[in-house]
Amino acid sequence: MPIYEYVCKQCGHEFEELVFNGEEPAPCPRCGAKDTEKLMSACSAKVDGGGPNLEALQGSSCGTGGG
Ligand SMILES: [Zn+2]
């Protein structure tokens, strides 16, 4: 099952949601707003040049959401 990462435009909360059809946006679990945006796979999207394998090697970088 594909897991997509969403960010709520209302409160900025980031969350992951299982998506079956890949079309329906998931509502924010924090504030309930449906104004959410589906992110591309966060792990690879955060890599801006440099060593693309670095993120993969660190692993723990994924899902920290800090920053
Ligand atoms: Zn929200």
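For ligands, and for the atoms within them, numbers begin at 1 and follow the listed sequence. Side chains included, hydrogens not; waters and symmetry mates left out as well; all remaining heavy atoms used.
Rounding to the nearest 0.5 Å gives a distance of 15.5 Å between NZ of Lys9 and NZ of Lys34. Annotation: the span from Tyr6 atom OH to Glu37 atom CD amounts to 11.0 Å, rounded to 0.5 Å.
Rounded to 10°, the angle that SG of Cys28 and SG of Cys31 form at the Zn ion (ligand 1) is 110°. Geometry about the Zn ion (ligand 1) gives an angle of 110° between SG of Cys11 and SG of Cys8, rounded in steps of 10 degrees.
Within the 4.5 Å cutoff, no side-chain heavy atoms of Gln10 are placed close to those of Cys28.
Among the atoms of His13, no N, O or S atom falls under 2.8 Å of the Zn ion (ligand 1).
The shortest non-hydrogen separation linking Pro27 to Gly32 is CB-O, 4.3 Å.
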